[in-house]
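Have a look at the structure below before the remarks.
Below, read A as the first sequence line, B as the second, and so on, with proteins coming before strands; counting in each chain starts at 1. What's counted below: heavy atoms across the whole structure, side chains too, no hydrogens, waters or symmetry copies.
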There are 4 protein chains.
Amino acid sequence: MKYSRDDILDSAVDLIDREGIGVSTARVAAHAGVSNGTLFHYFPTKQDFIDALYLRVKRSLADAIGETDVTDPPKDRAHQVWDRWVAWALSAPARHRVVLLLKGGGVVRPEAVSEAAALFSGVTDVLDAAAKDGTLVPMPLPYLAAVVEAQVDVAVTAQLDGAARDTAFEMAWASISSRLP
Amino acid sequence: MKYSRDDILDSAVDLIDREGIGVSTARVAAHAGVSNGTLFHYFPTKQDFIDALYLRVKRSLADAIGETDVTDPPKDRAHQVWDRWVAWALSAPARHRVVLLLKGGGVVRPEAVSEAAALFSGVTDVLDAAAKDGTLVPMPLPYLAAVVEAQVDVAVTAQLDGAARDTAFEMAWASISSRLP
Amino acid sequence: MKYSRDDILDSAVDLIDREGIGVSTARVAAHAGVSNGTLFHYFPTKQDFIDALYLRVKRSLADAIGETDVTDPPKDRAHQVWDRWVAWALSAPARHRVVLLLKGGGVVRPEAVSEAAALFSGVTDVLDAAAKDGTLVPMPLPYLAAVVEAQVDVAVTAQLDGAARDTAFEMAWASISSRLP
Amino acid sequence: MKYSRDDILDSAVDLIDREGIGVSTARVAAHAGVSNGTLFHYFPTKQDFIDALYLRVKRSLADAIGETDVTDPPKDRAHQVWDRWVAWALSAPARHRVVLLLKGGGVVRPEAVSEAAALFSGVTDVLDAAAKDGTLVPMPLPYLAAVVEAQVDVAVTAQLDGAARDTAFEMAWASISSRLP
DNA sequence: GATGAATGAGCCTTCATTCAT
DNA sequence: AATGAATGAAGGCTCATTCAT
């Protein structure tokens, strides 16, 4: 009655953050204050559960990033995205770590990964805009996106804040900006 | 026939690359053409096995990178490291993917991680040299190292080669280089 | 069908009597008509299972012995205990042998042993009473108890009955009775 | 070269006393400073090893008891046997405990048990003599022997010495002595 | 919908035993 | 005789999943 799908997912974030992928469904259920059977009522398969967990966290990140003002210069928009992203991660580090774990461990189904990727149009839009400006290094956009994302992860894992956070953004931006002779 | 510890480890790289962390020790042994018992004769624990695997691959990378000429300018040395690193990864992509998987999945013991990190003094030396030149962004060296490593991983995963590989290096170098107004 | 913890334990008595300590949990489960997993659902550990088995049998013996009339002379009470004890053992020899096996083989956890010992206050009371009468040899009561118990085991193992059973009691009683010059 | 069958057995006594039946042959070999293979060179089977261990300890007890003077009165001879028995056990408690463990755990082959029993003619002779005197309770001699042995075990386990040891003997003797109206 | 007992396949690990050296 | 690497069957235990209530 009190417990919904999402409550179970949210409770699992902490648990998996602490104990790693590989926690048993039993422990996940217990940690959520739910019976074994209830877990499987919501998620027919452990794989389904993991994918759902991944998607939920990713969605919360996408929501946190939201949209940026199309009329602003790309770099400003990118900076805004960066700040929101890092803020989101720092506000609940477990969520960020769990996403890294699930993706890095290769336990999320590819379909879930791409479904999640689709949520981040707000981010790709910024890169698109920058690319149109000729601001960016001539490489495939997905590659540039990956380079930036990798740096967000590093920045967050390093728990940067204050000036360091801005410096980190400048580093990321520098890496993808075209440079003139 | 003579099977050594290392033969088992080498054979496991392919298997884990294909089937993910989570392969059973039985499959690992079978894939190496060795009995179940033999695996545990060499590696008392599955954890020991995984750590050993991680270390072996990391060591092979460290060997491939080797040293660079101290008299060369830091950026050149860095480029050399970059090229060797990417070449190593492309010459045996499975090894690279397995390292990402093991580390990303959080299944390697921290001690093994730091033991492996110690092997890469050849890389840190280059950053040290660059830092002394005032060439680098004023951030902790380990952070800069992490930013570069993250970009290597992205580049390798993207299977870049030719000109793109050089561009990717320039991107990484740009991210950590200090910029004047 | 409904299988309880106790059904599994009861079924195990025969099996262990026949095949010795060292029967696999798999065989125990199969013999009880239960799946392997069910066994571990009730007994998290084989050790837990063994302790539970020991306790269950001991408890059944304690129940069989029950209480004796405090107003009777100690020797009569002792005789009654003796008879009930032997009768219990003969009515289900496997139970008796299993207890000897578990205890003698040193596979029962000490805590279980003392927990079981606590069940036999009905027996110790009789010795206490006799001791107060000055009827007993001046030795520590636990020692006298051990001497009697040892003789019960011998008597039961020898499958004595009829007059021999009474003689055996007289022997045991003689061993702990004080003798005048 | 330095290590004989018996050295391995002797070394195993302590180990099994400490760790119970169930020690692996590997540990037994290591504890004896011998290789895995050497153990199986001497004892083709673990069962063979256990039987040999049991026999060796029993033989040492039989030797310690030796013979008693046929012209002495049975009770004196019995007392002598008792004293030597207890002394033997106290001089190396591990040996005694191991015998109890092996026998009690039901891991010794019956043939080994009877082969060992045959070594104790020195003891049975005393009972025979006493029986001929009419000194004993009218029960089968093996039963009386068992009753006495059980009490030795109790006495030894209790680590009795001094006067208590004599009292314990009197108790045992009383249990098997015929009593007149 | 929610529960939790029951399942059984599968996993990691142990260990007696073999055998080439 | 002595060694110890190699074996593989077997064991204890876990866990995702099912299902009757």
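Taking the side-chain hydrogen bond (donor to acceptor under 3.5 Å, both in side chains) definition, one finds that C/Thr157 meets it with nothing, sequence neighbours left out. Remark: A/Phe43 engages A/Phe49 in a ring pair (Phe, Tyr, Trp, His ring centres under 6.0 Å) (not counting sequence neighbours). The side-chain contact (heavy atoms from CB on, under 4.5 Å) test applied to C/Glu115 returns C/Leu55, not counting sequence neighbours. Taking the salt bridge (charged side-chain N to carboxylate O under 4.0 Å, His left out) definition, one finds that A/Asp17 meets it with A/Arg97, sequence neighbours left out. Listed by chain and residue number, nothing satisfies the salt bridge (charged side-chain N to carboxylate O under 4.0 Å, His left out) test with B/Asp63 (two or more places apart in sequence, or in another chain). Contacts of C/Asn36 classified as side-chain hydrogen bond (donor to acceptor under 3.5 Å, both in side chains), with partners at least two apart in sequence or in another chain: none.
Counting only Watson-Crick or G-U wobble pairs whose defining distances are both under 3.5 Å, the stems of 3 or more consecutive pairs in DNA chain F are E:2-21 with F:2-21.
Rounding to whole angstrom units, CD of residue A/Glu19 and P of F/dC15 are separated by 11 Å. Distance A/Phe49 CZ to F/dC15 P: 15 Å, rounded to the nearest Å. Counting to the nearest Å, the C1' atom of F/dT14 and the OH atom of C/Tyr42 are 18 Å from each other.
The listed nucleotides are E/dT7, E/dA2, F/dA5; the one nearest the side chain of C/Val34 is E/dT7.
Residue pairs meeting the salt bridge (charged side-chain N to carboxylate O under 4.0 Å, His left out) criterion with at least one partner in residues 26-36 of chain D, sequence neighbours excluded, are D/Glu19-D/Arg27.
Proximity of C/Thr38 to the phosphate of E/dT7: a side-chain N or O atom is located under 4.0 Å from OP1 or OP2.
B/Asp153 and B/His96 are linked by a side-chain donor-acceptor pair at a separation below 3.5 angstrom, with hydrogens and angles left out of the test.
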Nucleotide by nucleotide, nucleotides 14-21 of chain E touches protein heavy atoms under 4.0 Å in the pattern (B base, S sugar-phosphate only, - none) BSBBB---
